[in-house]
Amino acid sequence: MTNLKIVCVIGAMAFSLAGCSGTPTKSDLMLQQAAVTQEEAKLKQQLAKDWERGAKLVATGEERVEDGEDMVDSGESEVKKGNKAINKGKDEIAEGKKLMEISERRFEEAFTKAEASKAP
């Protein structure tokens, strides 16, 4: 958009300079047209470059979104697996502690009484 402003400013300057010198000659008009045409060409080139860069950004952005969605899906799956492993581990710990308590109690009941009866 700034290049368009430049074209307008150059055109206005050319017209004002031509106005100061009287009636513009054909040479003055040709030079004005050349300046405007050059600025338009620069503007068109810049717009084309911006469009190409935008198209590349859209393509890479779409790839990043797809990769991110895959990572999120994979992460959610890993979280589910992790939660299952945690729950299974907690169940195993509870079962193991229960078995240890039962084993200790039965050992004490069975062998403490047996040793007490063997004592003189």
Side-chain angles (χ1 to χ4, degrees):
M1 195 65 183
T2 58
N3 288 336
L4 186 59
K5 290 179 184 178
I6 292 170
V7 170
C8 292
V9 169
I10 290 174
M13 287 175 41
F15 283 120
S16 68
L17 288 175
C20 293
S21 65
T23 306
T25 64
K26 286 190 181 216
S27 173
D28 292 334
L29 294 173
M30 288 180 195
L31 289 173
Q32 286 175 337
Q33 183 63 33
V36 170
T37 303
Q38 285 177 345
E39 290 302 316
E40 285 178 357
K42 286 180 184 177
L43 176 59
K44 288 176 183 178
Q45 287 174 344
Q46 185 60 47
L47 292 173
K49 286 180 184 177
D50 290 347
W51 191 92
E52 286 178 5
R53 184 168 183 273
K56 287 179 183 177
L57 286 171
V58 167
T60 58
E62 287 173 347
E63 287 178 23
R64 287 184 201 278
V65 167
E66 188 175 321
D67 290 346
E69 288 172 347
D70 290 345
M71 288 179 186
V72 167
D73 290 343
S74 176
E76 288 173 351
S77 173
E78 291 298 314
V79 167
K80 286 179 185 177
K81 287 180 188 176
N83 284 333
K84 284 182 183 179
I86 290 170
N87 291 334
K88 184 174 181 178
K90 287 180 178 180
D91 290 345
E92 289 174 350
I93 290 170
E95 185 179 350
K97 285 182 177 181
K98 185 176 179 180
L99 287 172
M100 290 169 64
E101 289 172 8
I102 292 170
S103 178
E104 285 178 26
R105 187 177 59 238
R106 289 182 69 196
F107 178 84
E108 288 178 15
E109 288 173 0
F111 295 104
T112 307
K113 291 179 184 177
E115 287 186 20
S117 63
K118 290 183 182 177

Inset, instruction - Evaluate side chain to side chain donor-acceptor pair (under 3.5 Å) for Asp28 paired with Gln32, printing each intermediate quantity in order. - result: CA-CA 6 Å; Asp28 292 334; Gln32 286 175 337; over 6 Å; no
Inset, instruction - Give the C-alpha distance, both sets of side-chain angles, the deciding distance and a yes or no for side-chain contact (heavy atoms from CB on, under 4.5 Å) between Ser103 and Leu99. - result: CA-CA 6 Å; Ser103 178; Leu99 287 172; over 6 Å; no
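We find the CD-CE distance between Glu95 and Met100 to be 13.0 Å, quoted to the nearest 0.5 Å. Interatomic distance, Arg64 CZ to Leu57 CG, rounded to the nearest 0.5 Å: 9.5 Å. Rounding to the nearest 0.5 Å places CG of Asn87 at 6.5 Å from NZ of Lys90. With values rounded to the nearest 0.5 angstrom, Asp91 atom CG is found 12.0 Å from Ile86 atom CD1. To the nearest 0.5 angstrom, Leu43 atom CG is 8.0 Å from Glu40 atom CD.
One N or O on the side chain of Thr60 and one on the backbone of Lys56 form a donor-acceptor pair closer than 3.5 Å.
A side-chain donor from one of Gln33 and Thr37 sits under 3.5 Å from a side-chain acceptor of the other.
A salt bridge does not link Glu109 with Arg106: every distance from a Lys NZ or Arg NE/NH1/NH2 to an Asp or Glu carboxylate oxygen is 4.0 Å or more.
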